[in-house]
Amino acid sequence: MAQDLFKKIISHCKEYGFIFQSSEIYDGLSAVYDYGQFGVELKNNLVKYWWDAVVYLNEDVVGLDSAIFMHPKVWEASGHVSAFNDPLIDNKDSQKRYRADMLVEDYLEKQEAKINKEIEKAAKRFGDSFDEEKFRTTNPRVINLQKKVDSLREKFVNALEKDDLDQLKQIIVDCDIADPETGSKNWTDVRKFNLMFETQLGSISEEATKLYLRPETAQGIFLNFLNVQKSGRMKIPFGIAQTGKAFRNEIVARQFIFRMREFEQMEMEFFIRPGEENKWFEYWKEARMNWYKALGFDESKLRFHDHEKLAHYAEAATDIQFEFPFGFKEIEGIHSRTDFDLGQQQKFSGKKLQYFDSELNESYVPYVIETSMGLDRLFLMILTASYCEEEIEKESGKTDERVVLRIPAFLAPVKLAILPLVNKDGLPEIAREIRDDLKFNFNCHYEEKDSIGRRYRRQDAIGTPFCITVDHQTIQDNTVTIRYRDTMNQERVPVNELNDIIQDKISLKKILGKLNK
Ligand code: ATP
């Protein structure tokens with residue numbers, strides 16, 4: 001069911017110009033996507049919502065746009081050269097490449113599914129008198145399976161924590177794990193694979209410097225911490241926000257735009273006094289969750305998920321997860337990063353990255369709270385939450401189906417469609433005049449082909465919240481109908497009031513007002 005929905009969303013994205021596979025005519029480039037004519041509008045509107053909420057609403061947050069290329073030492077200092085790795089394994093027969101940890105995870109999930117199946121079977125057999133807890137602790141088969149799963153999980157976590165690649169390979173061999181696509185068990189050793197893309201600066205190969213495409217935007221913020229602080233006369237606490245491309249050579253990239261090799265991040269680093277990290281961690285956790293809730297979707301699909309195993313730099317970390325068709329998954333991470341990043345960049349560059357706190361009369365390397373989200377994952381969340389298939393009744397009494405994207409009006413790619421009822425009698429001319437007037441304020445669409453019903457359906461499918469229809473009455477009294485996407489209700493309104501009506505309904509100010517404290 002859920003997988004069906006996911007497939008439908010993917011094909012809807014292509015059919016209606018939201019997302020295309022990159023280099024499609026060459027059979028595509030794996031895990032790289034292009035945003036089409038409506039996708040780019042939605043994406044821009046999402047960036048604006050984030051930027052206005054994070055930068056404009058907060059007196060103490062400013063923006064930045066740092067370069068993708070940075071000095072290669074940056075990534076040594078940040079730990080990415082030595083530690084931004086995934087364990088990789090190849091199958092010698094099929095030549096297919098996998099993430100070794102994912103193969104074991106999948107195996108563990110299958111074993112757990114076996115246990116659940118035993119329990120389901122027993123529940124059916126015993127009916128109302130079934131006691132699951134008792135069954136789990138007394139049924140020999142279930143006890144045995146559970147013991148195996150627990151001991152394997154312990155070994156697995158141990159191998160990951162110690163970075164023990166031989167142990168990871170041994171688990172794959174001991175569990176008889178086969179290539180999921182071919183069944184072959186002819187594996188290579190497990191190797192570490194660094195996720196950063198490399199390139200070169202300079203034209204003469206001997207003199208060229210190895211560079212990396214940034215795997216996160218955050219380091220560009222850390223490098224500019226003092227530049228921004230001094231030139232903007234910023235006082236701690238303050239934040240720097242930026243949006244931009246990041247690149248990761250993901251080993252297995254499935255799930256459409258959820259895991260891409262080239263993607264976009266929206267990150268904010270908030271610099272604070274050491275010792276105040278708990279207060280600010282809680283503050284940003286709440287602020288960020290409220291930002292999602294203000295979108296008005298079903299809140300039960302959002303949750304926090306605390307990290308069990310913390311990254312080397314983090315003191316505390318939580319994810320904001322959304323329930324995608326393939327389960328609850330991370331959209332944004334909120335991390336308490338201590339003085340790790342500034343401290344490391346200071347050490348490797350030999351340049352001081354400190355702040356003089358005049359109230360305390362001392363200098364220190366500030367602590368940092370980070371909020372880091374993936375724009376593409378947010379995009380997928382909006383589509384998943386907005387996609388609806390509905391049965392509607394036609395005037396003839398028959399039923400019809402419509403697909404509608406219930407995207408919040410302020411985010412919708414096209415705000416209004418202007419449609420002459422028929423393609424004659426001067427109606428197209430009036431419709432174009434209305435468009436020419438409103439185009440300065442909104443992304444408007446003009447369409448005259450096909451029946452009015454079909455045109456409404458098309459606009460529903462791209463999430464246009466308002467359709468303005470020009471009919472013969474317009475010629476007489478200068479009124480038009482405005483049709484609302486979600487209710488399909490129609491209202492007759494004077495042309496000269498359209499601007500104010502729509503302005504009010506797509507107001508970003510109203511949404512931001514909910515977040516303003
Ligand atoms: P995951 O565990 O899913 O790989 P991560 O923990 O490595 O993600 P972070 O390094 O915390 O992710 O990056 C911050 C955000 O960037 C994530 O919350 C996610 O929204 C986004 N992101 C990370 N990797 C990708 C990717 N390959 N494709 C799309 N978005 C990504």
Side-chain angles (χ1 to χ4, degrees), residues 10 13 19 21-22 29-35 39 43 46-47 50 54 68 75 78-80 83-88 99 101-102 105 160 193-197 212-222 241-269 281 284-285 288-289 291-292 302-324 326-337 340-341 368-384:
I10 296 172
C13 279
I19 297 171
Q21 172 83 60
S22 162
L29 193 60
S30 152
V32 186
Y33 291 91
D34 299 333
Y35 284 81
K43 209 172 159 196
L46 287 168
V47 172
W50 182 83
V54 175
I68 287 173
W75 305 110
S78 68
H80 282 82
F84 198 50
N85 300 310
D86 280 339
L88 166 152
R99 256 175 73 174
D101 56 334
M102 283 188 171
E105 290 270 11
L160 288 184
F193 180 73
N194 194 291
L195 299 186
M196 282 197 293
F197 283 99
Y212 299 100
L213 297 186
R214 67 180 178 198
E216 60 173 34
T217 64
Q219 296 303 324
I221 297 180
F222 295 126
Q242 90 164 323
T243 71
K245 289 270 174 137
F247 305 83
R248 296 184 187 179
N249 200 0
E250 302 278 0
I251 297 174
V252 182
R254 294 195 209 104
Q255 297 169 325
F256 195 38
I257 56 168
F258 183 82
R259 190 173 298 285
M260 300 155 88
R261 296 202 164 101
E262 173 182 339
F263 59 101
E264 208 156 330
Q265 288 188 316
M266 306 205 281
E267 296 195 297
M268 195 271 307
E269 308 296 328
F281 182 66
W284 282 109
K285 250 179 93 167
R288 293 303 306 139
M289 185 56 107
W291 184 88
Y292 289 96
L302 287 164
R303 72 176 189 195
F304 285 116
H305 176 76
D306 291 336
H307 287 204
E308 284 151 24
K309 190 179 158 232
L310 293 175
H312 55 287
Y313 55 76
E315 206 173 55
T318 194
D319 292 339
I320 293 179
Q321 295 187 330
F322 173 74
E323 191 176 12
F324 289 100
F326 41 86
F328 270 101
K329 295 277 179 235
E330 168 181 350
I331 319 175
E332 171 161 356
I334 298 153
H335 311 124
S336 175
R337 296 179 72 116
F340 176 79
D341 303 275
V368 169
I369 304 297
E370 169 182 88
T371 68
S372 169
M373 74 133 66
L375 174 54
D376 312 273
R377 288 191 189 176
L378 174 67
F379 190 106
L380 188 58
M381 167 189 150
I382 300 292
L383 282 179
T384 308

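Counting convention: from 1, in listed order, for ligands and their atoms alike. Atoms considered below: every heavy atom in the structure, side chains included; atoms not considered: hydrogens, waters and symmetry mates. We're numbering straight along the sequence, starting at 1.
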Ring centres under 6.0 Å, that's the criterion: do [X] and [Y] meet it?
| X | Y | answer |
| --- | --- | --- |
| Phe256 | Phe258 | no |
| Phe322 | Tyr292 | no |
| Phe263 | Phe247 | no |

Q) Glu262: what forms a side-chain hydrogen bond (donor to acceptor under 3.5 Å, both in side chains) with it, not counting sequence neighbours? A) Lys245

**Q.** Arg99: partners by side-chain hydrogen bond (donor to acceptor under 3.5 Å, both in side chains), with sequence neighbours left out
**A.**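 So Arg99 forms a side-chain hydrogen bond (donor to acceptor under 3.5 Å, both in side chains) with Asp86, Asp101.
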
Q. Looking only at heavy atoms of Ile331, does any of them come nearer than 4.0 Å to an atom of ligand 1?
A.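 Yes; Ile331 lies near enough to ligand 1 that a heavy-atom distance drops under 4.0 Å.
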
I want to know if ligand 1 touches [X] in the polar sense, i.e. an N/O pair below 3.5 angstrom.
| X | value |
| --- | --- |
| Met260 | yes |
| His335 | no |
| Gly374 | yes |

Q) Do Arg288's NZ or CZ and the ring of Trp291 fall within the cation-pi criteria of under 6.0 Å and 45°? A) yes

Q) Against heavy atoms of Arg259, which atoms of ligand 1 measure under 4.0 Å? A)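 Listed by number with element: 1 (P), 3 (O), 4 (O), 26 (C), 27 (N), 28 (N).
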
Q. Is it true that Glu250 and Arg259 have a side-chain N and a carboxylate O under 4.0 angstrom from each other?
A. yes

Q: Out of Glu264, Glu216, Arg248, indicate the one that has the non-hydrogen atom closest to atom 9 (P) of ligand 1.
A: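 That would be Arg248.
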
Q.
Please state which option from Arg377, Arg261, Met381, Glu250 has its nearest heavy atom closest to atom 3 (O) of ligand 1.
A. Arg377

(Q) Using a 4.0 Å heavy-atom cut-off, which part of Asp319 comes near ligand 1: side chain, backbone, both, or neither? (A)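 The answer is neither.
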
**Q.** ligand 1 contact on Glu267 by region, counting heavy-atom pairs under 4.0 Å
**A.** neither

